[in-house]
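Okay, so here's the structure we're looking at.
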Protein chains: 2
Amino acid sequence: MVAAILIDDPADPRIAAYCDIRERDLVGRQGQFIAEGEVVLAMLVRSTRHRAASLLIDAKRIESLAPLLEQLPPDVPVYAATQAVISAVAGFPLHRGILAHGIAAPALEVERLLEDAPADAVIVALSAIANHDNMGGIFRNAAAFGATGVVLDADCCDPLYRKAIRVSVGTSLTLPFARLARGDDMPALLVAAGFRVLALSPSGVTDLHEVPRGGRVALVLGAEGPGLAQSLMERAENVRIRMAAGVDSLNVATTSGIVLHHLTAGRG
Amino acid sequence: MVAAILIDDPADPRIAAYCDIRERDLVGRQGQFIAEGEVVLAMLVRSTRHRAASLLIDAKRIESLAPLLEQLPPDVPVYAATQAVISAVAGFPLHRGILAHGIAAPALEVERLLEDAPADAVIVALSAIANHDNMGGIFRNAAAFGATGVVLDADCCDPLYRKAIRVSVGTSLTLPFARLARGDDMPALLVAAGFRVLALSPSGVTDLHEVPRGGRVALVLGAEGPGLAQSLMERAENVRIRMAAGVDSLNVATTSGIVLHHLTAGRG
């Protein structure tokens, strides 16, 4: 039995975290996040890093969600409201009717993430990935292929942005990630931690299917238009995915899936 | 020198095809389409299947686009208007300022597409892909890895829908595709044309990296939720992409990229 707290006033201060979701997405939430949907909520419940501060759920769905809600710590309030109240709070029609307000874990240190990685770890290292769909897609693939974690440079967008969480199918809540400070030297940090550094680029030298597997490997990906900085390419193995004539790029999330599949194929 | 026709009235009947773009996206355009952006326009110019009926372009961009516009047949009118007029016609702010109204080629016959394929052709066959982002992403990957074409069942969405064209980076305008009628037997048609049929599913038996390359191969993909029908799976080689524990699916466009990369790796 879930003890939901009924809310009938969109201005109720207990649900202030859910107000004007889209406008506040744009501002950013500094260590907090909004997650939506049942699959993502299940990942939040499972996350050992981040935690739910509260939930706001369509009252009609409380009963069917009970098995999931019962796994939350008992001090997490579950607010129930009508679809109309939820949409009024959120500021747009929210048909899924499942929202969570989350508190992000303190940021991981990059060095800690890298040093604690297993001997056959695959790390995804991202440079200037600013699109939330791509960020979410990369996390989904990193989780699917058992990557140890994701390293972000200072120009990457937030994996805990609402849309990135949704596209990641909640994996950005469970897969460890760490962010470099501006000016940090990504390849140097990776090499220092014993990682082979693969930089993916249409101008790469080695065809992906010839890249050997094994050991600690970091896969570095940049944004589709500008690609990776020359200074980074120079200090990495330059790998390409061979494409048909007339086509010169793949979506970066798709690229991550192709490379991760290659690097982990044949693992038990 | 491109002879653009200046339009200053959003109600000008010569640009009626561009009115209320989003509303008409929903209704469907029966053999016509709207394409947007410079990259996509370049693909339309290059397409040997579909053709431009007219263009509507931000007057400020006509000069920089001249090299591209000059490749159009001389009877295709190029309408020029201000950003404000274009947005008023389209019904939403259209910052790219490049629109094309296209006429789709007559539908290809599935049998023709399959029979004319080369001896080492890879065909992508889609069942119930209803999401335009996924459709566009699959076309982009099919083109990138040199697939011969795409076969769609009756439940697939239109690859010439505006958003699908955009996500495909225009490749849905150049890569041949053919649509099955409702009730057509996809695996039977593929087998009759000499194709090995691979059906991708999390419950597949063979790991992708063990699937041999070569010969005519068709890769069958279904929607992420329901997956492929049992009746189809029973008549195909069931292939899976091995994933980490706790993750049970990949995005279907990403899946297409991973499988196409495997099937075409090592080609010249």
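This is a predicted model, so every value here is computed, not measured. Order of the sequence lines sets the chain letters (A, B, ...), proteins ahead of strands, with each chain counted from 1.
Only the side chain of B:I241 comes within contact range of chain A, with heavy atoms under 4.5 Å apart. For chain A, the nearby parts of B:S249 are the backbone and the side chain; heavy atoms of each come within less than 4.5 Å. Neither the backbone nor the side chain of A:D207 comes within contact range of chain B, judged by heavy atoms closer than 4.5 Å.
Highest contact tally toward chain B, considering only A:H209, A:H262, A:R46, is held by A:H209 [criterion: heavy-atom pairs under 4.5 Å]. Listed options B:G146, B:A244, B:G257, B:A144 were ranked by heavy-atom pairs under 4.5 angstrom with chain A; first place goes to B:A144. Counting heavy-atom pairs closer than 4.5 Å to chain A, the top residue among B:I258, B:V167, B:V247, B:T254 is B:I258. Among the candidates B:E210, B:R140, B:H261, the residue making the largest number of heavy-atom pairs closer than 4.5 Å to chain A is B:R140.
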Would you check, one step at a time, whether the test side chain to side chain contact (heavy atoms under 4.5 Å, CB included) holds for B:D25 with B:K163?
CA-CA 9 Å; B:D25 279 348; B:K163 191 178 188 191; over 6 Å; no
Show, in sequence, the C-alpha distance, side-chain angles and deciding distance for A:L114 and A:F195, and conclude whether the side chain to side chain contact (heavy atoms under 4.5 Å, CB included) test is met.
CA-CA 8 Å; A:L114 297 179; A:F195 280 81; 4.0 Å; yes
From CA spacing to verdict: side chain to side chain contact (heavy atoms under 4.5 Å, CB included), B:T206, B:E237
CA-CA 8 Å; B:T206 311; B:E237 294 175 51; 5.8 Å; no
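In this structure, B:L221 CG and B:L228 CG are separated by 7.0 Å, a value rounded to the nearest 0.5 Å. Atom CD1 of A:I129 sits about 11.0 Å away from atom CZ of A:F139, to the nearest 0.5 Å.
Closest heavy-atom contact between A:V252 and A:G222: CG2-O, 3.4 Å.
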